[in-house]
Number of protein chains: 2
Amino acid sequence: MTEPRWLNADERRAWLALLSINTLLPAALDTQLQAAGKLSLFDYNVLAMLSEADGRFLPMSELAARTSASLSRLSHVVTKLQRRGWVEREAHPGDARVTVAHLTESGMDTIVSLAPGHVDAVRALMLDAMTDDDVADLARIAEKIVARLDDDHWILRER
Amino acid sequence: MTEPRWLNADERRAWLALLSINTLLPAALDTQLQAAGKLSLFDYNVLAMLSEADGRFLPMSELAARTSASLSRLSHVVTKLQRRGWVEREAHPGDARVTVAHLTESGMDTIVSLAPGHVDAVRALMLDAMTDDDVADLARIAEKIVARLDDDHWILRER
DNA sequence: TTCATTTACTTGAAGCTTCAACTAAAACAA
DNA sequence: TTGTTTTAGTTGAAGCTTCAAGTAAATGAA
């Protein structure tokens, strides 16, 4: 039973700051999106990922990977988005196990109308606090952490 | 209605990576803590903040600030921790509006026994992915973002 | 002193997320 | 071919978080 290595000053600062960002940033973006369109940051991201996909559709598994979510969470949320008319579920032609989530016209209109306000909020809440070098450093460091958490995470694919 | 400024490559990388960390890191730490002691990362943090406070107690408002949580969320969680015998609620001598949350001996034992495993997990999941310079850069940049989100956040106090 | 406002906190309900269990199809193995 | 395992997804229940509404004490204003 050896004494564990505790965090040094920078490690503690980095960890506590990341933990705080983690709670405060999504909460602030949720508030903005809730006011603008009665949806959560996660809902927004589901729509955004679909809007950027070829043909505006993706298998549930792939959509789950791109939103870092469990299939269960995604399934519940897609059901909700479907009720709002923003997404539809379709069968996959080649593999009957697969469900394809498809962004509707209405869903596309929604994300197009929400995107500017959301991007402004992301700038106001984090990017505007940083210099260009900070942004580049953060991108590099944050991607290292993502690689550690999941070494074939989709955001690392194009690297 | 002017076109909003979209994100450039680094901004997009930084934002998407942070968003992914945001989902994956707490989930991984939750899993570790759930296995080690059937509690969440948030529960752990409540206990940790109390354990580091003078006298091992804090007013609910102060504890909420130190865990970046709403008072409502904290109140529900303290009720739960109280049922497990880890925390007690006490009256504040000078101000009857204030509730003081006090870590019990049992709560202290719990956090002492969980801390090593938790710190190991934080290292394994993020710190080990970074150089010392990365850690210092992340601490600096992340604190800038925290300051933007809440300019008198407690982690900035000693700065 | 009295009344209005603010601060500190709690509560119950609604909505969201996780978890475990389940279904069904595809891939693999004998 | 038949049985086994893996992959993909759904579901309901339990637990967690947020939201709106409420209580009660302290502060401030007239």
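Chain identifiers are assigned alphabetically (A, B, ...) following the order of the sequence lines, protein sequences preceding nucleic acid strands; residue numbering begins at 1 within each chain. Small disclaimer: the values here were computed from a predicted structure and weren't measured.
- Using a 4.0 Å cut-off, some side-chain N or O of A:Arg89 falls inside it from OP1 or OP2 of D:dT10.
- Considering only side-chain N and O atoms, A:Lys80 lies nowhere under 4.0 angstrom from the phosphate OP1 or OP2 of C:dG15.
- Judged by distance alone with a 3.5 Å cut-off, a donor-acceptor contact links the side chain of B:His76 to the base of C:dG12.
- In this entry the distance linking NE2 of B:His92 with C1' of D:dA26 reads 13 Å, nearest Å.
- The side chain of B:Ala96 has D:dA25 as its nearest neighbour among D:dT10, D:dA25, C:dT10.
- For B:Ser70, whose side chain is taken as the heavy atoms from C-beta onward, the closest listed nucleotide among D:dT18, D:dA8, C:dT10 is D:dT18.
- A close approach under 4.0 Å does not occur between any side-chain nitrogen or oxygen of B:Ser72 and OP1 or OP2 of D:dC19.
- Between the CG atom of A:Leu41 and the C1' atom of C:dT17 there is a distance of 15 Å, rounded to whole Å.
- If you find the closest nucleotide of DNA chain C to B:Thr79 and to B:Thr31, the one lying nearer the 5' end belongs to B:Thr79.
- Rounding to whole angstrom units, CD of residue B:Glu62 and C1' of C:dT7 are separated by 15 Å.
- Here A:Ser75 lies in heavy-atom contact (under 4.0 Å) with a base.
- Summarising the geometry, the separation between CG on B:Leu81 and P on D:dT17 is reported as 11 Å, rounded to the nearest angstrom.
- Atom C1' of nucleotide C:dC16 and atom CG of A:Asp43 are separated by 10 Å, given to the nearest angstrom.
- Nearest-nucleotide positions on DNA chain D place A:Met60 closer to the 5' end than the other of A:Met60 and B:Arg97.
- Using a 3.5 Å distance cut-off with no hydrogens or angles, the side chains of B:Arg89 and B:Thr79 do pair a donor with an acceptor.
- Rounded to whole Å, atom P of D:dG15 lies 18 Å from atom CZ of B:Phe42.
- Between the C1' atom of C:dA20 and the CD atom of B:Gln34 lies a distance of 14 Å, rounded to the nearest Å.
- No continuous path of ILVMFWY side-chain contacts below 4.5 Å connects A:Val100 to A:Leu50, so the two sit in separate hydrophobic clusters.
- With A:Thr104 contributing its side chain and A:Trp86 its backbone, the two residues share a donor-acceptor pair below 3.5 Å.
- For C:dC19, neither phosphate oxygen OP1 nor OP2 lies less than 4.0 angstrom from any side-chain nitrogen or oxygen of A:Arg73.
- Nearest heavy atom pair, residue A:Leu24 against residue B:Ser68, reads CD2-CB, 4.1 Å.
- Distance B:Leu33 CG to C:dT18 P: 15 Å, rounded to the nearest Å.
- For the residue pair A:His102 / A:Glu90, a side-chain donor-acceptor distance below 3.5 Å is found, with atom types taken as modelled.
- Heavy atoms of B:Asp95 sit under 4.0 angstrom from primed sugar atoms or phosphate atoms, though from no base atom.
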